[in-house]
Amino acid sequence: MPTQFLNFDLPENHNLYPSTSLALGNCNSLRYYAEMASKLAQDGRFNDSLMIAESVVVSGVNAVEFADLLNVKLVSSGIVRLLEEGKVGSVVELLNGAMQLGIDPLKLLDRGAINSLSQECRRTMECGEIEEIVSFMETLKGCGMPIKDFVRPYEIIRLCVSQRKPNAAVRYAHIFPHADIMFCTIILEFGKKGDLVSALTVFEASKQNQDTPNLYIYRTIIDVCGLCGDYLKSRSIYEGLIAIKNTPNIYVFNSLMNVNSCDLSYTLDIYKQMQKLGVPADLTSYNILLKSCCLATRVDLAKEIYGELKLLELAGAMKLDVFTYSTLIKVFADAKMWQMAIEIKKDMLSAGVTPNIVTWSSLISACANAGLVDQAIQLFEEMLQAGCEPNSQCYNILLHACVEACQYDRAFRLFRLWKEHALQKDNCEDFGSKTDNTIDLSSTLVVSASIPNCTSASPRGHFSMRVPFRPTTSTYNILMKACGSDYYRAKALMEEMKEVGLSPNHISWSILIDICGGSGNVEGALQILRAMRDAGIQPDVVTYTTIIKVCVENKDFKSAFSLFVAMKRYQIKPNMVTYNTLLRARSQYGSLLEVQQCLAIYQDMRKAGYKPNDYYLKQLIEQWCEGVIQNGNQRKCNFSTRNRTDLGPESMILEKVAEHLQKDSANSISINLRGLSKVEARIVVLAVLRMIREKYTAGDSIKDDVQIFLGVQEVGIRAVRHESVVKEAIIKLLQHDLGLEVISTAPRIGNDRNQDGINHPDKYSKVEENAERVILRANVHFPTRRPVVLQKLRITKESLQSWLIRRLDAPAVHR
DNA sequence: ATAGGGTTAG
C-alpha cells in the first residue's frame, strides 16, 4: 500500500487497506472507494484518485466493475475545472492513467467534460501550438475519442504545413488507422505550399513502418516534385522504387511522365520502361506523351502518336477523349499550324467528342498565334453558339490575339463591350446600391454575339447568352501591351487594375518598364523598377532582361552592365535571352574594358550552361582584334570571310581571348597558343597586342618582351606539322604585317621551312625527327624518357615600343 | 488517384 495514502484527507471510518476488505468481498467497500476516488477527482486531485483506482485493481477487482461505480458527474466536473485552470497536463495524465488501468476514459466523461476538452482543442489550435495539439490528439485518440469532431483533420494539417512542421504532421498521421491516406494529404499540402523539403521528410517517414511501399504515396510525392519544380527529384524517387525491386503501377508511371514532360527523351524512356515491366499504357499515358511532344515542339512525333492512337481506337482498344484532342490542337497551335488544328477539331466532332472550354481556347489560340484575329473571333462565336461558356482565360486569349496582330483598338473595344455588359447587369440587379465608383466586374454579364469590327462572314448572331466576365491580372497585362507606346495609358490601366481589386504582378510592371523605356526614357524605366520593388513585387529575370534591353537600345551600356550585376546580386539567374540581350548590345567594340566586360558575360554564360554559339560575338571580337592592323581594308575583308569558315561552332576562341585579356599586364605578358588553329592563334595574338596598345595609350609602359608559347611536342609528326604551320603564320603576322621583331627561343622539331633561322641548324631537326619515332614506341614503357620540348617565340620589347609609337602617329581605323 | 488552355524579355 503506498504510504502517501496516509496523508490523504479521507472520510472518517475509512479503511486504509482496501485490498484486505475487498478480498472479503465487501461490495460496499468497493462502492466506498469509488466514491472516494470520484471526490478526489472532483477536487482536481487526479493523482490520488488514480492511486486508489490502482490499489483497487491491484487487489484483483475488475477495472470495469470499479469504473461503473465511479461518479461520472464528479470526475467530469474536476476535469472541467482543471481545464479551466489551464492544467491540461493533469487531465492528460488522468486519461492516460485510467487507460493503463484498463478503465475506459470515456466512462469518466459527461457531455460537459467532452465540451471542455473540445474547447481546449480549439484554444490550442488558435494559439497555433502545433506540438501540443498533436500530443493532445494522440491522448484523446488513445482514449477512443472521436477526435475528428473536435478539430477537423484538415485544419491540423494546414497548421503543420503553415508552420513547416513535417514531424508533427507525421505524428498526427499515425493517429489514423489508415495513415497512408493522411500521408498523401500532408505531402500534397506541403507541395502546394512549395515546401518540397518538408514533403520529402513526410515521405521518408511514411516509408518507415511499411513492408511494401505504398504506391499511392509514391505517386503523390512525384506529383509534388512537379509542383515544386524539381522534376529531377522525382526521378530519384522513381529509381528508389525500382531499386527495392518494386514494379510501379500506372499511376506512378503517369505521374512520373507528367512531371518530366518537359523532357521528351526521358518521358519516352519511361514509356519504354513501363512496356518492359509489363505495365500497359492507358489513354492518360498517351495524353501525357502528347503533352511532352507539345512542349518539345515535336509536331512530327505527336502526329505519329495520334496515328497509332487512331489505330488503337479502330481496334476498339482506346477511346480518344477531349484531353487527347485538346492537346493535339495545342501542338498545332504552338506550331502555328492553324489549319491542322481545325482538322483535329473536325476529327474530334466526327468521333463524337464534344469540345470543352479548353479545346475552344486552344483552337482560338491556334488562330491567334497565326495572327488571324477574324478567325479567332469567328471561333469564339462558334463556341458561344455551341453553348460553351467562355471564361477569363478564353477572353484573354482573344484579347491577346488582337494584341499579337497589333489590332490594339479592337482589343480595347472588346474589353469595353464586355465591361459595359457587366455594368448593365450590375445596374439592373441592384440599381443605385453602389455608392463608390469602383466597378464590380465579377458579376455575370450578357454578351451579344455580334462583336464590333467582325469582318468575317460569320452570321450576325441574334442570340445572347449569359457569360461570366472576370478580368484577371492577365487581362489587364494584355491590355497594357495593347497600349503600344502610350505610357500614360498603360499606367492608367495599372491604376484601374488596382481599383477593381486586382494586383499588378511582376509582368504588369515589366510591361510598364518596357513601354516607358521604349520611348527612350531609361531613367524613367529605372524609376519604375524601384517603384516595383517598393510595391513589394520582386523583379524576375524577364523584368531585368527588359530593362537591360531598354538600356542597351539607348546605348546606356554602363547601366545595362550594372543591372546585370544587380540581378545576380539578387540571385536572379540570367537566361539565354538575358545574355544575348547584353552581348548584342554593341555593334562594335571600342575600349578594352568593353571587350573585357563582354567576355566576362560570355564566360559567365558558359558557366551557367548556355551554349555559346554566337557568331555575331565572335565576329565583333575578331573585328576588334583585327583593328590592331591598320593598313589595308583589303586584308581585313579577306580575313573576315576566311575565318568564318575556319572557326567552327566548337571553337573555344572567345574563351581563349578572355583568358588572355584577363591577365595582369603589369607583369610580363605571355601568350599561350597551344592547341589553337592558325586562325585562332592569330586572333589571340592580335587581341593581346590590342590590349597592349590600349594599355600603352592609357599610360602603361612596356616592361618586357612578350612570350609566345606555341606548344609542346608530344603528339607526333602530325602535330609537329600543324604547329609549324601555326608558327609560320604567327611569325608572318608579327614580322610582315606588323613589323615586329620575333625571336625563336627553343630548339625546333620537325621540318621547319621557316626562313627566320636565327639559331637552328637543319641537322638538329633531322635528328629530332628520327628520335621522335623511336621515342614514340619506347614511350609506352618509359614515359619519363620522353623529351618535352617547348616551342617558344618572343617579341622584343624594343620592337613593340617602336610599333606603338608608329601606331600613335597613325591613328587606328577601327575605333 | 493520373492528363489539357491565357499574360512578360531576344
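Every heavy atom of this structure was used, including side-chain atoms; hydrogens, water molecules and symmetry mates were not. Note that the structure is predicted; figures quoted are calculated from it, not measured. By convention in this document, chain letters (A, B, ...) are assigned in the order of the sequence lines, proteins followed by strands, and residues within each chain are numbered from 1.
- Residues satisfying the side-chain hydrogen bond (donor to acceptor under 3.5 Å, both in side chains) test with A:T578, not counting sequence neighbours, are A:T545, A:N575.
- Annotation: proximity of residues 343-357 of chain A to DNA chain B (heavy atom, distance under 4.0 Å) is found for A:N356, A:I357, numbered in ascending order.
- A salt bridge links A:R235 with A:D263: the distance from a Lys NZ or Arg NE/NH1/NH2 to an Asp or Glu carboxylate oxygen falls below 4.0 Å.
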Indicate every side-chain donor-acceptor pair of residues 519-533 of chain A with a distance under 3.5 Å to a residue at least two apart or in another chain.
| residue | atom | partner | partner atom | Å |
| --- | --- | --- | --- | --- |
| A:S519 | OG | A:C516 | O | 2.8 |
| A:N521 | OD1 | A:G524 | N | 2.7 |
| A:E523 | OE2 | A:R530 | NH2 | 3.1 |
| A:R533 | NE | A:Y570 | OH | 3.4 |
| A:R533 | NH2 | A:Y544 | OH | 2.6 |

Side-chain donor/acceptor pairs under 3.5 Å, residues 303-310 of chain A, sequence neighbours excluded:
| residue | atom | partner | partner atom | Å |
| --- | --- | --- | --- | --- |
| A:Y306 | OH | A:D347 | OD2 | 2.6 |

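- Using a 4.0 Å heavy-atom cutoff across all strands shown, A:D321 reaches at least one base atom of the nucleic acid.
- Using a 4.0 Å cut-off on heavy atoms, the residues of residues 249-265 of chain A that approach DNA chain B are A:Y251, A:N254, A:N258, listed by number.
- A salt bridge links A:E313 with A:K319: at least one charged nitrogen is closer than 4.0 Å to a carboxylate oxygen.
- By the side-chain hydrogen bond (donor to acceptor under 3.5 Å, both in side chains) test, A:S292 is found to be paired with A:T267, residues two or more places apart in sequence or in another chain being considered.
- Every residue meeting the side chain to side chain contact (heavy atoms under 4.5 Å, CB included) condition with A:A560, not counting sequence neighbours, appears here in chain and number order: A:I548, A:C551, A:V552, A:L582.
- For A:Y476 and A:F415, the ring centers sit closer than 6.0 Å to each other.
- Every residue two or more places apart in sequence or in another chain that forms a side-chain hydrogen bond (donor to acceptor under 3.5 Å, both in side chains) with A:T359 is listed here: A:S326, A:N356.
- For the atom pair CE of A:M480 and CG of A:L512, the computed distance is 4.5 Å after rounding to the nearest 0.5 Å.
- Residues satisfying the side chain to side chain contact (heavy atoms under 4.5 Å, CB included) criterion with A:Y488, sequence neighbours excluded, are A:D486.
- A search for side chain to side chain contact (heavy atoms under 4.5 Å, CB included) contacts involving A:Q393 returns A:N391, not counting sequence neighbours.
- Near-neighbour residues of DNA chain B inside residues 526-545 of chain A, defined by a heavy atom below 4.0 Å, number-ordered: A:V542, A:T545.
- Residue contacts for A:T472: at a heavy-atom cut-off of 4.0 Å it reaches a base atom on one of the strands shown.
- For DNA chain B, the span of nucleotides reached by chain A at under 4.0 Å from its heavy atoms goes, 5' to 3', from B:dA1 to B:dG10.
- Using a 4.0 Å heavy-atom cutoff across all strands shown, A:V403 reaches no nucleic acid atom at all.
- Taking the six-membered ring for Trp and thresholds of 30 and 60 degrees, A:Y395 and A:F380 have ring planes inclined between 30 and 60 degrees apart.
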